[in-house]
Student: 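One structure is given below, represented as structure tokens, and several questions about it will come after.
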Amino acid sequence: SAVISQKPSRDICQRGTSLTIQCQVDSQVTMMFWYRQQPGQSLTLIATANQGSEATYESGFVIDKFPISRPNLTFSTLTVSNMSPEDSSIYLCSVGSGSSDTQYFGPGTRLTVL
Amino acid sequence: GENVEQHPSTLSVQEGDSAVIKCTYSDSASNYFPWYKQELGKRPQLIIDIRSNVGEKKDQRIAVTLNKTAKHFSLHITETQPEDSAVYFCAASTTGGFKTIFGAGTRLFVKA
């Protein structure tokens with residue numbers, strides 16, 4: 001499976017600021033996704049990062065709050081904008097292989113907003 | 001909308017016993033059902049998956065069963081060990097994995 005890295009691994013931010021999270025894959029992948037995992041909760045899909053076009057957002061998530069870039073088939077960024085304490089979560093990217101439906105997750109970014 | 005329900009939310013077993021986690025899904029178009037294990041502070045890791053054209057799949061101590069008619073699928077862990085302690089998530093998606101819906105998770109404790 002692909003090797004997936006995320007930066008930063010964790011951060012503590014002040015409310016009202018923004019944080020950009022990077023996801024790097026060691027091979028080209030068709031599908032890249034961004035998830036949020038609130039403390040003790042399940043995984044919630046934020047959006048699908050589409051290469052060369054705008055991301056596809058799930059209900060409850062908007063581009064102004066979570067802008068996403070996908071400049072190529074190995075890299076994506078998620079920005080959490082105008083943060084509030086409610087944004088404190090783990091943010092995970094995942095990739096889907098072209099030959100199967102399986103998703104593999106990055107190590108996650110633990111965000112704390114004060 | 002699509003939904004995946006998972007039970008129980010917490011499961012405690014004695015080492016060596018079996019553990020069973022059950023999920024139901026609502027979208028009849030779902031045809032791919034992965035299971036993930038997440039240890040504390042780590043990323044979710046795929047442990048087994050099953051497709052809708054198969055009723056059962058086994059990999060050493062873990063097995064998954066699928067009843068498409070009833071929209072149920074289950075994870076079975078036999079001869080549990082302390083290192084099996086983790087949160088387990090079931091999920092359902094359609095071909096292409098364009099949208100995967102996760103269950104709420106089951107926290108499994110295996111007591112030595």
Side-chain angles (χ1 to χ4, degrees), chain A residues 1-10 21 23-25 29-51 53 55-61 70 89-112, chain B residues 1-10 21 23-25 27 29-54 57 59 64 66 73 86-109:
Chain A
S1 61
V3 176
I4 309 164
S5 59
Q6 282 186 236
K7 281 192 223 180
S9 58
R10 58 177 64 226
I21 302 167
C23 179
Q24 180 75 55
V25 191
V29 292
T30 309
M31 309 297 294
M32 290 184 81
F33 306 92
W34 286 98
Y35 285 84
R36 182 174 73 184
Q37 187 174 31
Q38 294 178 304
Q41 303 294 310
S42 185
L43 299 143
T44 301
L45 181 64
I46 297 171
T48 302
N50 301 308
Q51 195 266 329
S53 65
T56 305
Y57 289 85
E58 296 302 310
S59 176
F61 298 97
R70 177 101 190 263
S89 276
I90 297 172
Y91 292 86
L92 299 119
C93 67
S94 75
V95 303
S97 69
S99 59
S100 80
D101 304 312
T102 305
Q103 287 189 37
Y104 298 96
F105 285 89
T109 296
R110 183 180 294 272
L111 170 62
T112 302
Chain B
E2 302 93 333
N3 187 45
V4 174
E5 293 192 359
Q6 183 171 348
H7 301 281
S9 57
T10 305
I21 302 170
C23 291
T24 60
Y25 60 98
D27 186 355
S30 297
N31 56 10
Y32 175 64
F33 307 91
W35 286 87
Y36 289 85
K37 175 184 180 182
Q38 188 175 31
E39 296 177 67
L40 190 62
K42 303 248 179 105
R43 74 187 81 187
Q45 298 268 20
L46 179 76
I47 56 171
I48 197 168
D49 56 11
I50 192 167
R51 298 182 189 279
S52 59
N53 58 347
V54 175
K57 184 176 178 182
D59 183 3
V64 59
L66 171 66
F73 58 113
V87 179
Y88 291 80
F89 293 100
C90 63
S93 72
T94 55
T95 300
F98 295 121
K99 182 165 181 178
T100 300
I101 306 296
F102 285 84
T106 296
R107 188 173 296 277
L108 174 64
F109 297 96

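Lettering follows sequence order; numbering is per chain, from 1. Just so it is clear, the model here is predicted, and its values are computed rather than measured.
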Student: Can you find a heavy atom in the side chain of A:R70 that is under 4.5 Å from one in the side chain of A:N50?
Tutor: no
Student: Once rounded to the nearest 0.5 Å, what's the spacing between atom CD of A:E58 and atom OH of A:Y35?
Tutor: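 So the CD of A:E58 and the OH of A:Y35 are separated by 8.5 Å.
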Student: As a test of understanding, state which of B:Y36, B:Y32, B:F33 forms a side-chain contact (heavy atoms from CB on, under 4.5 Å) with B:D49.
Tutor: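 Of B:Y36, B:Y32, B:F33, side-chain contact (heavy atoms from CB on, under 4.5 Å) with B:D49 is met by B:Y32 alone.
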Student: Under a 4.5 Å heavy-atom cut-off, does chain A meet the side chain of B:Q38, its backbone, both or neither?
Tutor: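 Answer is side chain: those atoms of B:Q38 sit under 4.5 Å from chain A.
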Student: Side chain, backbone, both or neither: which part of B:P34 has a non-hydrogen atom closer than 4.5 Å to chain A?
Tutor: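 Contact with chain A: none, neither part.
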Student: Need one label for A:L92: side chain, backbone, both or neither, based on atoms under 4.5 Å from any heavy atom in chain B.
Tutor: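 A:L92 touches chain B through side-chain heavy atoms alone.
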Student: Compare all side-chain heavy atoms of B:F102 with those of A:L45 and state whether any distance is below 4.5 angstrom.
Tutor: no
